[in-house]
Amino acid sequence: MTGAQIVLECLKKEGVSVVFGYPGATIAPFYDALVCDGTIKHVLVRQEQNAGHAASGYSRASGEVGVCCTTSGPGATNLITALATAYMDSIPMVALTGQVRSDLLGRDVFQEADITGACEPFTKHSYLATDTQELPTIIKEAFHIAATGRPGPVLIDLPQDTLEREFKGEFVYPDSVDIIGYKPRTAGHSLQIKRAIEAISKAECPVICAGGGVVSAKSRRELLKFAEKLDIPVVSTLMGVGMMPTEHPLYMGMLGTHGIYSANYAIHHADLVILCGARVGDRAMSKPDQIAKKATIIHIDIDPAEIGKNMKADIPIVGDIRNVLKNLIEKTDELKHEAWVNDLRKRKADHTPVFTSIKGQVDPRNFMRTLSEIVSRHSKAILVADVGENQIWSANNFAFRGGRFLTSGGLGTMGYSLGAAMGAKIAKPARQVIAVCGDGSFQMMMCELATLKQHDVAVKVVIMENNRLGMVRELQDKLYGGRYSGVMLDGSPDFVKLVQAYGIPAEAVGDDDEVEGAIERMLKSSEPYVLVCKVAADIPSRQED
Amino acid sequence: MRYTITVLVQNHYGVLSKVSGLIARRGFNIESLAVGVTENPDISRMTIVVDCDENGVEQVEKQLNKLIPTIKVRVLKEGAYIARELTMVKVSCNAKQRAEMMNLADIMHARIIDVTATSLTLELTDTTARTETFISLLRPFGIKELVRTGISAIELGVNTTKK
């Protein structure tokens with residue numbers, strides 16, 4: 001067997017059924033092995049970055065490690081944004097990149113790029129696999145590292161000769177890995193858990209802040225049970241949206257600069273904050289010291305480096321959130337915080353704005369509310385939001401009832417949604433997968449319409465068309481005296497016609513009254529489908545301005 | 001404050017750049033970094049000196065621990081370790097100055113490792129503080145070239161930093 005065949009066999013052993021990628025000369029041996037073997041499906045994207053986002057979307061929807069592959073040089077460098085996106089959001093994935101022959105490394109030959117060097121800040125780990133004999137160990141380790149501890153992307157750079165060389169001896173895939181310096185801790189420290197229980201029992205106004213770590217640890221159920229048993233209100237970061245049902249009486253919404261009043265009130269008036277897999281990013285908590293001054297902080301995270309990085313923790317618990325929450329649920333008695341919860345609920349109800357429809361325009365916030373109403377009748381949908389105003393409208397107005405919310409929370413990568421939605425739909429074909437984007441982000445990734453068509457991936461795409469880069473425009477209104485600089489999207493095409501040119505059905509809506517019917521038609525479609533919403537230019541991202 | 005961190009890493013291709021890159025991009029200044037293989041040829045040891053506050057050094061330690069090739073990280077406690085660095089200095093020195101220079105080398109326990117009609121090269125292995133003193137004493141003679149390794153550190157007593 002050649003190295004390329006070994007790579008393929010290893011992927012099969014890891015249970016990989018689909019690879020998102022784009023071929024080229026150096027990765028060609030692997031592509032040949034793929035087609036000759038035929039067991040792993042290959043999805044040809046139209047630009048490498050989207051292969052990365054697709055692998056990431058696949059990971060997030062399936063809970064398995066997504067895989068993407070590109071060729072060397074520009075193929076690999078195009079992937080960097082997707083790796084950085086996955087790294088910031090702790091998404092497990094394995095990226096395979098072709099590389100020039102190892103005897104040519106460092107000579108700046110055609111399509112050579114030092115991709116392991118370039119991706120150093122954006123990967124959990126990387127390998128430059130110069131020895132064919134080491135491939136099984138490397139691939140086993142890569143999948144293990146990607147999926148365990150704090151998950152993240154792992155890059156394997158494969159020189160062409162590594163793929164072409166014959167593997168000597170019998171192929172045996174290792175059963176286990178032994179990496180001397182990598183033993184993630186999963187159980188929380190019992191003494192800290194004891195201290196946490198004591199702090200919880202004393203608190204009068206506790207609040208749980210759920211971050212992306214709750215998703216990674218697959219601990220949605222434990223979070224709900226923990227909150228309900230101890231009657232503790234929950235707020236979430238952007239990455240934690242969807243983990244608590246939006247309408248749950250204990251859920252106070254997303255916090256932060258683009259969050260809602262009740263969530264921010266809760267975190268600023270709490271006497272105990274339980275951070276669950278939240279890294280206290282600046283958009284979630286711009287002044288963590290102020291919060292920490294008033295409240296005792298319990299910080300639960302699998303990554304010890306997150307504890308104390310952005311906020312001082314009084315009770316640090318390093319461990320798998322699911323384990324720790326289970327432990328806490330077992331060891332605590334039921335509690336009641338009626339006055340605190342009722343106060344927050346009243347604040348949430350009082351500050352849930354009604355957005356008056358304006359004739360001849362779609363209000364994107366009303367749209368998201370209607371979409372979630374209709375979707376929840378059909379299935380537990382996966383909503384993929386892009387970056388910009390559309391992301392905030394989605395996070396604050398779509399009511400999650402068991403579905404999932406995927407978005408680029410950390411890096412804020414425009415052009416994320418279509419690739420990620422494609423991966424999610426392939427992972428969960430029975431679910432409705434809806435990508436929401438703006439006309440700016442759509443134009444960064446619209447080449448992927450062809451991929452949806454070619455591979456018959458029935459992603460539903462909603463474009464919030466307002467002919468401007470809305471989020472930057474808001475910034476320019478607030479901080480730059482309304483001097484709009486480089487935010488107008490004049491020159492954009494007629495999106496319906498464009499989409500139809502790909503043979504994909506599309507329609508446009510221009511009034512709140514038309515929205516319901518259009519959503520029904522979109523969701524009924526068994527093909528990919530694009531719905532263009534003509535939204536007003538001046539609708540802000542924040543719920544209350 | 002200056003902290004001395006000792007790090008055991010797998011002796012692999014690219015590990016040094018992983019470590020130094022990580023510290024730099026997290027916004028910390030490396031004062032010195034010395035690396036060499038240990039008693040086990042598969043493992044290298046780095047001695048890193050960083051200048052930062054207490055929270056900073058905690059972050060450096062935790063972030064270094066996250067690197068897959070990192071085996072062990074330890075921030076050495078003040079007074080609980082011995083640190084030395086090797087310095088080589090080439091100074092201008094004519095025949096008339098030679099005796100004075102030899103006297104100075106003797107006082108500082110430095111060795112003369114090379115000599116020409118117009119220059120002298122000295123070697124000193126000592127603490128950073130004494131090295132600084134040594135250099136300041138040589139400065140009036142005219143330093144032509146200065147090479148420092150950065151410190152290597154080892155714990156006092158029977159304690160060892162091992163896997």
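Chain A is the first sequence line, chain B the second, and so forth, proteins listed ahead of strands; every chain is numbered from 1.
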- Counting only heavy atoms not in B:Lys96, do more than 12 fall under 6.0 Å of its NZ? no

- Message: I'd like to check A:Glu120 versus B:Arg25 (side-chain heavy atoms, cut-off strictly below 4.5 Å). Are they in contact?
- Response: yes

- Message: Within a 6.0 Å radius of atom NZ on A:Lys309, are there more than 12 heavy atoms belonging to other residues, nucleotides or ligands?
- Response: yes

- Message: With a sphere of 6.0 Å drawn around OH of A:Tyr173, does it hold more than 12 non-hydrogen atoms of other residues, nucleotides or ligands?
- Response: yes

- Message: Tell me the closest heavy-atom pair linking B:Gln63 and A:Ala305, and the distance in Å.
- Response: NE2-CB, 3.6 Å

- Contact class of B:Glu58 relative to chain A, heavy atoms under 4.5 angstrom: side chain

- Query: In this structure, are over 12 heavy atoms from other groups packed under 6.0 Å from B:Arg111 atom CZ?
  - Reply: no

- Between CD1 of B:Ile43 and CD1 of A:Ile180, what distance do you get to the nearest 0.5 Å? 4.5 Å

- Task: Decide yes or no for B:Lys66 and A:Lys124: does some side-chain heavy atom of the first lie under 4.5 Å from some side-chain heavy atom of the second?
- Result: no

- Under 4.5 Å heavy-atom distance to chain B, tell me which part of A:Ile307 shows up: side chain, backbone, both or neither. both

- In Å, rounded to the nearest 0.5 Å, how long is the span from CD1 of B:Ile71 to CD1 of A:Ile179? 11.5 Å

- Message: Within the supplied structure, the quantity of interest is the number of heavy atoms (other residues, nucleotides, ligands) at a distance under 6.0 Å from B:Asn29 CG; does it exceed 12?
- Response: no

- Task: Please state whether the side chain, the backbone, both or neither of B:Thr70 comes within less than 4.5 Å of a heavy atom of chain A.
- Result: backbone

- Message: Can you confirm whether A:Arg101 is buried at CZ, in the sense that more than 12 heavy atoms of other residues, nucleotides or ligands lie under 6.0 Å from that atom?
- Response: no

- Item | Heavy atoms of other groups near B:Leu86 CG, more than 12 under 6.0 Å | yes

- Query: Who wins among A:Gly181, A:Gly308, A:Ser126 for the most heavy-atom pairs under 4.5 Å with chain B?
  - Reply: A:Gly181

- OH/A:Tyr127 to CD1/B:Ile68 distance, rounded to the nearest 0.5 angstrom? 7.0 Å

